[in-house]
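Encoded as structure tokens, the structure appears first; notes follow it.
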Amino acid sequence: MAEMKYWLLKTEASDYSIDDLQRDGRTCWSGIRNYQARNFIRDDMAVGDLALIYHSNGDPPGVTGIARICKTAYGDPTAFDTKDSHYDPKSTKSEPIWYAVDVEFVSMFPNVISLEHLKNTRNLGGMLVLKRGQRLSVMPVEEKHFRIVEKMGT
DNA sequence: GCCAACGTTGGC
DNA sequence: GCCAACGTTGGC
């Protein structure tokens with residue numbers, strides 16, 4: 001088995017929150033429309049990888065829990081749906097441009113680990129989400145950083 | 001709602 | 001291939 005990887009997945013709490021994931025148990029993580037993020041999803045995510053769930057535009061913005069990748073990348077169904085706001089006619093089922101994975105609920109933190117808290121945690125220096133101007137909705141996380149945030153959330 | 005920091009598009 | 005215009009993200 002390949003080495004386990006760690007990720008950070010951004011979502012807007014008003015759109016799909018950790019509470020929604022806990023309720024659903026499992027969901028299709030769709031709507032990613034950035035090539036760099038797409039490449040992570042399509043090429044690097046494996047079943048069993050763990051992801052920090054990050055609420056952007058939250059109050060406060062921050063990490064709210066953990067999910068696990070439970071199905072590797074497949075053509076993003078929202079790109080095929082003419083009624084969906086993420087519809088993209090250039091992405092076809094035979095040759096998808098955009099991809100989704102399935103994730104399952106692992107845990108919800110009792111308190112949000114706020115962006116400010118992350119910034120003030122010295123051991124998290126270099127974590128991608130803290131970098132200025134970092135807008136990727138999917139990004140890799142180093143194991144050591146994942147473990148620190150996981151611990152902060154328990 | 002503002003705006004900085006991007007990524008994408010399209011004319012040339 | 002350059003780059004200006006435009007759209008989006010996301011903290012504040």
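Labels below follow one simple rule: chain letters A, B, ... track the order of the sequence lines, proteins then strands, and each chain is numbered from 1.
- The NE2-P distance, from A:His55 to C:dG11, rounds to 12 Å in whole Å.
- A:Lys131 has no side-chain polar atom (N or O) that falls below the 4.0 Å cut-off from OP1 or OP2 of B:dC6.
- Here A:Arg147 pairs with A:Glu150 in a salt bridge; the nearest charged N to carboxylate O distance falls below 4.0 Å.
- A perpendicular orientation is assigned to the rings of A:Trp29 and A:Tyr16, their planes being inclined by more than 60° (bins at 30° and 60°).
- The residue among A:Lys90 and A:Gln134 whose nearest nucleotide of DNA chain B is located toward the 5' end is A:Gln134.
- Between the CE atom of A:Met139 and the P atom of B:dA5 there is a distance of 16 Å, given to the nearest Å.
- Computed from coordinates, the A:Asn34 CG to B:dC6 C1' distance equals 10 Å when rounded to whole Å.
- Between the side chains of A:Thr78 and A:Arg33, at least one donor N or O lies within less than 3.5 Å of an accepting N or O.
- Within the structure, every side-chain polar atom (N or O) of A:Tyr35 is placed at least 4.0 Å from both OP1 and OP2 of B:dC6.
- Of the residues near DNA chain B, A:Asn57 and A:Arg135, the one whose nearest nucleotide (by heavy atom distance) lies more toward the 5' end is A:Asn57.
- Side-chain N/O atoms of A:Lys10 include none lying less than 4.0 angstrom from OP1 or OP2 on C:dT9.
- The distance from the CD1 atom of A:Ile32 to the CH2 atom of A:Trp98 is 9.5 Å, given to the nearest 0.5 Å.
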